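Fair warning: this is a prediction, and the values are worked out from it, not measured in the lab.
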Amino acid sequence: MEFLCHHRDRSDSLALRMELLEEHWSSMDRFAQEMIARGPTLAGDGETPTGSVHILDLPDAATARAFAFDEPGYQAGVYRDVLLRRWRDLLGRTMWDFPGGPTDGDRFRALGLGAAEAADLTVPAGRGDDLIAYGPLLSDDATAWLGTAALLRAPGPAAARALLTEDRYADIEVHPWQFGGRSQ
(Lines give C-alpha, C1' and ligand atoms only; values in the text may rest on other atoms or scores of the structure.)
Protein backbone atom coordinates (compact mmCIF):
# COMPACT_ATOMS: atom_id res chain seq x y z
CA MET A 1 0.00 0.00 0.00
CA GLU A 2 1.38 3.36 -0.96
CA PHE A 3 0.94 6.42 1.23
CA LEU A 4 1.73 10.12 0.99
CA CYS A 5 2.61 11.83 4.25
CA HIS A 6 3.08 15.60 4.41
CA HIS A 7 4.10 17.07 7.76
CA ARG A 8 3.52 20.85 7.63
CA ASP A 9 5.66 22.97 9.92
CA ARG A 10 4.20 25.11 12.67
CA SER A 11 5.21 28.77 12.37
CA ASP A 12 8.38 29.63 14.28
CA SER A 13 9.40 25.96 14.62
CA LEU A 14 12.53 26.13 12.42
CA ALA A 15 14.99 26.08 15.36
CA LEU A 16 13.30 23.00 16.86
CA ARG A 17 13.17 21.35 13.43
CA MET A 18 16.91 21.85 12.96
CA GLU A 19 17.63 20.63 16.51
CA LEU A 20 15.78 17.39 15.72
CA LEU A 21 17.19 16.87 12.22
CA GLU A 22 19.43 13.93 13.11
CA GLU A 23 16.59 12.24 15.03
CA HIS A 24 14.27 12.82 12.04
CA TRP A 25 16.77 11.27 9.64
CA SER A 26 17.40 8.33 11.96
CA SER A 27 13.66 7.72 12.10
CA MET A 28 13.44 7.91 8.29
CA ASP A 29 16.41 5.53 7.91
CA ARG A 30 14.21 2.76 9.33
CA PHE A 31 11.98 3.18 6.23
CA ALA A 32 14.70 3.58 3.58
CA GLN A 33 13.64 0.49 1.63
CA GLU A 34 9.99 1.61 1.56
CA MET A 35 10.66 5.19 0.35
CA ILE A 36 9.39 6.24 -3.06
CA ALA A 37 10.22 9.92 -2.49
CA ARG A 38 11.16 12.24 0.33
CA GLY A 39 12.17 15.81 0.92
CA PRO A 40 11.27 19.17 2.39
CA THR A 41 8.82 21.70 1.06
CA LEU A 42 10.32 25.16 1.11
CA ALA A 43 9.22 28.77 1.53
CA GLY A 44 9.25 31.10 -1.47
CA ASP A 45 12.93 31.83 -0.82
CA GLY A 46 13.68 28.25 -1.88
CA GLU A 47 15.71 27.61 1.27
CA THR A 48 13.59 27.77 4.44
CA PRO A 49 11.85 24.43 5.20
CA THR A 50 8.07 24.56 5.61
CA GLY A 51 7.33 20.84 5.87
CA SER A 52 8.38 17.33 4.89
CA VAL A 53 6.90 15.10 2.20
CA HIS A 54 7.36 11.34 2.29
CA ILE A 55 5.86 8.84 -0.13
CA LEU A 56 6.22 5.23 0.96
CA ASP A 57 5.10 1.71 0.16
CA LEU A 58 4.06 0.26 3.52
CA PRO A 59 2.31 -2.97 4.55
CA ASP A 60 -0.80 -1.35 6.05
CA ALA A 61 -2.50 1.78 7.38
CA ALA A 62 -1.34 1.13 10.96
CA THR A 63 2.30 1.23 9.83
CA ALA A 64 1.61 4.45 7.92
CA ARG A 65 0.06 6.06 11.01
CA ALA A 66 3.02 4.98 13.12
CA PHE A 67 5.39 6.45 10.51
CA ALA A 68 3.53 9.78 10.53
CA PHE A 69 2.83 10.20 14.23
CA ASP A 70 5.85 8.58 15.87
CA GLU A 71 8.18 10.85 13.87
CA PRO A 72 10.36 12.86 16.32
CA GLY A 73 9.39 16.28 14.93
CA TYR A 74 5.71 15.44 15.24
CA GLN A 75 6.19 14.22 18.81
CA ALA A 76 8.08 17.44 19.71
CA GLY A 77 5.53 19.81 18.16
CA VAL A 78 7.40 20.93 15.03
CA TYR A 79 4.35 20.38 12.81
CA ARG A 80 1.01 22.18 12.73
CA ASP A 81 -0.69 19.33 10.88
CA VAL A 82 -0.15 16.11 9.00
CA LEU A 83 -1.76 15.00 5.75
CA LEU A 84 -1.67 11.20 5.51
CA ARG A 85 -3.44 9.61 2.55
CA ARG A 86 -3.37 6.46 0.53
CA TRP A 87 -1.67 7.19 -2.78
CA ARG A 88 -1.09 5.35 -6.05
CA ASP A 89 2.28 5.54 -7.79
CA LEU A 90 1.49 6.05 -11.49
CA LEU A 91 5.15 6.32 -12.51
CA GLY A 92 6.33 3.01 -11.06
CA ARG A 93 9.67 4.41 -9.90
CA THR A 94 11.29 6.15 -6.99
CA MET A 95 12.70 9.67 -6.99
CA TRP A 96 16.18 8.14 -7.21
CA ASP A 97 15.22 6.78 -10.65
CA PHE A 98 14.16 10.23 -11.90
CA PRO A 99 16.23 10.93 -15.04
CA GLY A 100 16.73 14.60 -14.09
CA GLY A 101 18.61 13.69 -10.91
CA PRO A 102 18.34 15.59 -7.64
CA THR A 103 19.47 19.05 -8.78
CA ASP A 104 18.53 19.61 -12.44
CA GLY A 105 15.96 22.46 -12.48
CA ASP A 106 13.47 23.88 -10.00
CA ARG A 107 11.35 21.35 -8.09
CA PHE A 108 7.84 21.67 -6.68
CA ARG A 109 5.21 19.77 -4.73
CA ALA A 110 1.78 20.24 -6.31
CA LEU A 111 -1.20 19.05 -4.30
CA GLY A 112 -4.76 19.25 -5.56
CA LEU A 113 -7.55 18.59 -3.06
CA GLY A 114 -10.48 17.08 -4.94
CA ALA A 115 -13.84 18.80 -5.17
CA ALA A 116 -15.57 17.23 -8.14
CA GLU A 117 -15.32 14.01 -10.09
CA ALA A 118 -11.90 12.39 -10.21
CA ALA A 119 -9.35 14.09 -12.45
CA ASP A 120 -5.75 13.67 -13.50
CA LEU A 121 -5.82 9.89 -13.07
CA THR A 122 -3.21 9.24 -15.76
CA VAL A 123 0.28 10.57 -16.28
CA PRO A 124 -0.08 13.85 -18.21
CA ALA A 125 1.01 13.54 -21.83
CA GLY A 126 4.34 15.15 -22.54
CA ARG A 127 5.19 15.71 -18.84
CA GLY A 128 6.69 12.33 -17.94
CA ASP A 129 10.27 13.61 -18.13
CA ASP A 130 9.48 16.31 -15.54
CA LEU A 131 7.59 14.13 -13.07
CA ILE A 132 9.46 12.82 -10.04
CA ALA A 133 6.37 11.28 -8.37
CA TYR A 134 2.75 11.43 -9.50
CA GLY A 135 -0.52 9.86 -8.42
CA PRO A 136 -3.98 10.17 -6.92
CA LEU A 137 -4.74 10.69 -3.24
CA LEU A 138 -7.23 8.06 -2.14
CA SER A 139 -9.59 7.27 0.72
CA ASP A 140 -8.41 4.83 3.38
CA ASP A 141 -10.00 1.92 1.51
CA ALA A 142 -8.59 3.22 -1.83
CA THR A 143 -12.05 3.38 -3.42
CA ALA A 144 -12.58 7.17 -3.51
CA TRP A 145 -10.45 9.80 -5.22
CA LEU A 146 -9.59 12.68 -2.88
CA GLY A 147 -7.10 14.59 -5.01
CA THR A 148 -3.78 14.36 -6.78
CA ALA A 149 -0.19 14.84 -5.61
CA ALA A 150 2.92 15.38 -7.69
CA LEU A 151 6.59 16.12 -7.21
CA LEU A 152 7.91 17.68 -10.38
CA ARG A 153 10.49 19.77 -12.15
CA ALA A 154 9.00 22.97 -13.59
CA PRO A 155 10.19 26.45 -14.61
CA GLY A 156 8.10 28.03 -11.85
CA PRO A 157 5.09 27.64 -9.54
CA ALA A 158 2.57 28.57 -12.24
CA ALA A 159 3.87 25.82 -14.52
CA ALA A 160 3.75 23.34 -11.63
CA ARG A 161 0.15 24.37 -10.86
CA ALA A 162 -0.83 23.97 -14.52
CA LEU A 163 -0.06 20.24 -14.23
CA LEU A 164 -3.43 19.81 -12.49
CA THR A 165 -6.86 20.47 -14.00
CA GLU A 166 -7.77 23.72 -12.20
CA ASP A 167 -11.57 23.42 -12.05
CA ARG A 168 -11.55 19.89 -10.61
CA TYR A 169 -10.04 20.84 -7.26
CA ALA A 170 -11.26 22.73 -4.21
CA ASP A 171 -7.70 23.97 -3.77
CA ILE A 172 -4.31 23.50 -5.39
CA GLU A 173 -1.19 24.10 -3.30
CA VAL A 174 2.23 24.49 -4.88
CA HIS A 175 5.44 24.78 -2.87
CA PRO A 176 9.09 24.59 -3.78
CA TRP A 177 10.43 21.15 -2.91
CA GLN A 178 13.79 19.42 -3.01
CA PHE A 179 15.15 15.89 -2.83
CA GLY A 180 15.64 14.97 0.81
CA GLY A 181 17.57 12.59 2.97
CA ARG A 182 21.12 12.30 4.10
CA SER A 183 23.92 13.54 1.88
CA GLN A 184 25.66 10.62 0.23
Side-chain angles (χ1 to χ4, degrees), residues 1-89 94-96 98 102 107-114 132-142 144-152 157 160 169-184:
M1 291 181 189
E2 296 157 337
F3 294 87
L4 179 136
C5 180
H6 185 182
H7 292 92
R8 300 173 202 238
D9 289 10
R10 183 174 49 81
S11 61
D12 300 322
S13 67
L14 182 58
L16 181 57
R17 176 192 244 277
M18 301 321 297
E19 180 183 321
L20 295 170
L21 192 57
E22 179 55 38
E23 289 179 58
H24 166 78
W25 283 348
S26 292
S27 178
M28 296 302 106
D29 287 348
R30 295 188 344 246
F31 295 92
Q33 295 303 309
E34 292 85 5
M35 289 280 178
I36 295 169
R38 67 186 285 186
T41 54
L42 306 167
D45 65 10
E47 294 182 20
T48 306
T50 61
S52 293
V53 175
H54 297 88
I55 302 173
L56 306 100
D57 189 355
L58 298 169
D60 52 47
T63 304
R65 284 190 295 278
F67 171 86
F69 300 112
D70 291 346
E71 193 277 336
Y74 178 82
Q75 290 295 314
V78 170
Y79 309 117
R80 69 177 166 92
D81 61 52
V82 177
L83 173 69
L84 179 63
R85 288 282 179 235
R86 291 279 302 270
W87 187 76
R88 184 170 302 124
D89 179 7
T94 71
M95 72 180 205
W96 298 275
F98 173 62
R107 310 306 171 85
F108 297 91
R109 190 272 295 140
L111 178 72
L113 302 174
I132 299 162
Y134 183 86
L137 298 170
L138 304 167
S139 60
D140 288 345
D141 64 2
W145 174 82
L146 303 176
T148 304
L151 301 174
L152 69 149
Y169 297 94
D171 189 25
I172 297 175
E173 301 174 0
V174 174
H175 293 277
W177 173 85
Q178 68 185 23
F179 276 52
R182 295 180 189 275
S183 300
Q184 299 299 328

> So, for L152 and A110, which heavy atoms are closest and what is the spacing to 0.1 Å?
Replying inline: CD2-CB, 4.1 Å

> Could you give the distance from CE (M35) to CG (D57), rounded to the nearest 0.5 Å?
Replying inline: 12.0 Å

>> With heavy-atom distances below 4.5 Å as the criterion, would you say the side chains of F31 and L58 are in contact?
In response: yes

> Roughly how far, to the nearest 0.5 Å, is CG of L4 from CG of L111?
Replying inline: 7.0 Å

> If you measure from CG on D140 to CZ on R86, what distance do you get to the nearest 0.5 Å?
Replying inline: 8.0 Å

>> Under the criterion side-chain contact (heavy atoms from CB on, under 4.5 Å), I'd like the reasoning laid out for R85 against H6: C-alpha separation, chi angles, the key distance, then a yes or no.
In response: CA-CA 9 Å; R85 288 282 179 235; H6 185 182; over 6 Å; no

> Where the side chain of W145 meets the backbone of P136, is there a donor-acceptor pair that is under 3.5 Å apart?
Replying inline: no

> In Å and rounded to the nearest 0.5 Å, what is the CD1 to CE distance from I36 to M95?
Replying inline: 11.5 Å

> About how many Å separate CZ of R8 and OG1 of T50, when rounded to the nearest 0.5 Å?
Replying inline: 9.0 Å

>> Checking side chain to side chain contact (heavy atoms under 4.5 Å, CB included) between R107 and each of T41, I132, L42, L151, which is the one that passes?
In response: I132

>> Determine whether a donor-acceptor pair (N or O, by modelled atom type, separation under 3.5 Å) exists between the side chain of R38 and the backbone of L56.
In response: no

> What's the shortest heavy-atom distance between A160 and V174, and which atoms?
Replying inline: CB-CG1, 3.8 Å

>> Is it true that R17 and S52 share a donor-acceptor pair across their side chains at a distance under 3.5 Å?
In response: yes

>> Please give me the minimum heavy-atom distance between A149 and L137, naming the atom from each residue.
In response: CB-CD2, 4.1 Å

> Nearest heavy-atom pair of W25 and G181: which atoms, and what distance?
Replying inline: CZ2-O, 3.7 Å

>> As a test of understanding, state which of R30, E23, E22 forms a side chain to side chain contact (heavy atoms under 4.5 Å, CB included) with S26.
In response: E22

> When rounded to the nearest 0.5 angstrom, what distance separates OH in Y79 from OH in Y74?
Replying inline: 11.5 Å

>> Ring-plane angle category for H7 and F67, please: parallel below 30°, perpendicular beyond 60°, tilted otherwise.
In response: tilted

> Got a sec: does the CZ of R10 have more than 12 other heavy atoms crowding it under 6.0 Å?
Replying inline: yes

> Of all heavy-atom pairs between V78 and S13, which one has the smallest distance, and what is that distance?
Replying inline: O-OG, 3.0 Å

> Between Y134, W87, Y169, which is the residue that forms a side chain to side chain donor-acceptor pair (under 3.5 Å) with T148?
Replying inline: Y169

> Under 4.5 Å between any side-chain heavy atoms of D9 and L14, yes or no?
Replying inline: no

> Does D12 CG have over 12 foreign heavy atoms under 6.0 Å away?
Replying inline: no

> Which atoms form the tightest heavy-atom contact between A76 and L16, and what is the distance?
Replying inline: O-CD2, 3.5 Å

